[in-house]
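In this chain, numbering begins with 1 at the start of the sequence shown.
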Amino acid sequence: MNWTDRIVDATRWRQESIEGDWGDVESELGVALPTDYQELCQRFGPGSFSAYLHVLPPTAEQGSSSLLGTWRRYRQDNREGGMIEQFLAPYGLYEPDRGPGLVRWASDQTEGEYFWLTDRSVDADQWPVIARKDPLESWHRFDVSTTEFVYRLLADPEFTPFTVADPPRRAFYLPTGQTISSAEEWDALTSPNR
């Protein structure tokens with residue numbers, strides 16, 4: 001069972017895979033994206049894990065966050081002399097014509113930030129996850145795949161400081177557009193008997 005299958009099992013998510021076109025995104029970035037990230041996006045579509053972790057889709061409708069849109073905004077900030085390089089120090093932003101740098105692939109409900117240390121000279125499936133809980137905190141490096149990181153965040157109570165696992169409650173997936181409007185709905189989504 002791969003890490004994506006473990007996330008499916010942990011959330012009990014059942015949906016047909018969504019086909020994705022990665023060519024334009026990867027062409028603009030100048031690098032291929034991790035295959036497990038692609039599989040995760042295709043298996044789940046836009047939404048959030050446990051109403052907490054939002055994995056950025058490669059592209060999105062106007063006005064919504066996406067991996068490519070976020071990267072473009074960061075690049076524009078760099079060009080205009082903004083603070084993004086300081087915000088991402090000591091790594092800096094990934095640029096196709098430079099060495100390694102960060103590309104954001106997820107965010108959470110509390111200011112957490114999740115990036116890859118993107119490097120054209122390294123297979124994308126080997127990029128480490130660089131994360132922090134708050135922009136004022138230190139970075140944490142994880143030499144794991146994107147999907148292993150997501151699984152551990154959702155299901156491993158020992159995965160500090162990033163875990164949201166709350167046994168015996170179950171992790172769940174909430175597609176974009178769906179909301180939780182009551183404590184009863186929350187209990188139903190997180191029930192270990194679901």
Side-chain angles (χ1 to χ4, degrees), residues 1-13 33-58 60 64-67 69-71 74 84 86-94 100-119 122 124-176 178 180 186 189-192 194:
M1 181 181 293
N2 70 25
W3 291 108
T4 303
D5 291 335
R6 291 177 189 198
I7 297 168
V8 168
D9 187 56
T11 60
R12 295 195 178 166
W13 179 248
L33 293 170
T35 55
D36 70 320
Y37 162 78
Q38 294 179 37
E39 181 183 13
L40 187 68
C41 290
Q42 290 171 335
R43 296 275 293 272
F44 285 89
S48 65
F49 290 94
S50 292
Y52 178 76
L53 181 73
H54 176 71
V55 175
L56 299 174
S64 61
S65 293
S66 70
L67 184 145
T70 300
W71 182 72
Y74 286 2
I84 200 67
Q86 291 175 353
F87 174 70
L88 299 179
Y91 301 102
L93 181 67
Y94 166 76
L102 298 180
V103 171
R104 188 175 189 164
W105 60 268
S107 60
D108 69 34
Q109 294 296 340
T110 63
E111 297 189 18
E113 304 166 315
Y114 308 89
F115 295 82
W116 296 298
L117 183 53
T118 306
D119 186 341
V122 175
D125 292 330
Q126 301 302 313
W127 294 342
V129 171
I130 307 295
R132 61 184 171 191
K133 294 290 290 175
D134 180 286
L136 301 176
E137 290 186 7
S138 298
W139 294 104
H140 298 266
R141 178 184 170 130
F142 298 90
D143 290 309
V144 300
S145 69
T146 306
T147 51
E148 181 178 351
F149 185 92
V150 171
Y151 175 80
R152 293 194 183 284
L153 181 145
L154 295 173
D156 181 355
E158 304 299 317
F159 192 61
T160 57
F162 294 96
T163 188
V164 294
D166 184 20
R169 295 192 175 277
R170 292 191 70 85
F172 62 92
Y173 189 72
L174 194 63
T176 296
Q178 291 187 13
I180 301 169
W186 180 267
L189 281 170
T190 61
S191 170
R194 170 174 57 86

For [X], all residues meeting side-chain hydrogen bond (donor to acceptor under 3.5 Å, both in side chains), sequence neighbours excluded:
X	value
Tyr114	Asp108
Thr146	Trp116
Asp119	Ser121

State, to 0.1 Å, how close [X] and [Y] come at their nearest heavy-atom pair, and which atoms those are.
X	Y	answer
Pro157	Pro167	CG-CG, 3.8 Å
Leu67	Arg104	CG-O, 3.6 Å
Ile130	Tyr91	CG2-CE1, 3.6 Å
Ala171	Ser50	CA-OG, 3.4 Å
Ala124	Pro34	O-CG, 3.5 Å

Identify, with sequence neighbours excluded, every residue that meets side chain to side chain contact (heavy atoms under 4.5 Å, CB included) alongside [X].
X	answer
Thr35	Asp125
Gln42	Trp22
Ser191	Asn193, Arg194
Thr147	Trp3, Thr4, Ile7, Asp36, Leu40, Ser145

- Query: Taking only residues two or more places apart in sequence or in another chain, which ones pass ring pair (Phe, Tyr, Trp, His ring centres under 6.0 Å) with Phe159?
  - Reply: Phe142, Phe149
- Message: Taking ring pair (Phe, Tyr, Trp, His ring centres under 6.0 Å) as the definition, give me every residue that meets it alongside Phe87, ordered by chain and number, with sequence neighbours left out.
- Response: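 By the ring pair (Phe, Tyr, Trp, His ring centres under 6.0 Å) rule, Phe87 matches no residue at all.
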Nearest 0.5 angstrom please: [X] [atom1] to [Y] [atom2], how far?
X	Y	atom1	atom2	value
Thr11	Leu189	OG1	CG	11.0 Å
Tyr173	Ser48	OH	OG	7.0 Å
Leu93	Tyr74	CG	OH	8.5 Å
Thr118	Trp71	OG1	CH2	10.0 Å
Asp143	Leu117	CG	CG	9.5 Å

- Side chain of Arg170, backbone of Ala10: donor and acceptor closer than 3.5 Å? yes
- Query: Do Thr163 side-chain atoms and Ala165 backbone N/O form a donor-acceptor pair below 3.5 Å?
  - Reply: yes
- Item | side chain to side chain contact (heavy atoms under 4.5 Å, CB included) evaluation trace for Trp105 with Thr70 | CA-CA 9 Å; Trp105 60 268; Thr70 300; over 6 Å; no
- salt bridge (charged side-chain N to carboxylate O under 4.0 Å, His left out) partners of Asp5, counting only residues at least two apart: Arg43
- Mind checking salt bridge (charged side-chain N to carboxylate O under 4.0 Å, His left out) for Arg132 and listing every partner two or more places apart, or none if nothing turns up? Glu113
- Query: Restricting to pairs with a member in residues 149-158, which pass salt bridge (charged side-chain N to carboxylate O under 4.0 Å, His left out), not counting sequence neighbours?
  - Reply: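 For residues 149-158, and leaving out neighbouring residues, the salt bridge (charged side-chain N to carboxylate O under 4.0 Å, His left out) pairs sorted by first residue read Glu148-Arg152, Arg152-Asp156.
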- Message: As a quick check of understanding, evaluate ring pair (Phe, Tyr, Trp, His ring centres under 6.0 Å) for Trp127 and Phe115, giving each step before the final call.
- Response: CA-CA 10 Å; Trp127 294 342; Phe115 295 82; over 10 Å; no
Flag side-chain contact, heavy atom, 4.5 Å: [X] against [Y]:
X	Y	value
Phe162	Val129	no
His54	Leu56	yes
Ser65	Ser107	no
Pro161	Glu137	no

- Item | Ring-ring centroid check Phe49 Phe44, cutoff 6.0 Å | yes
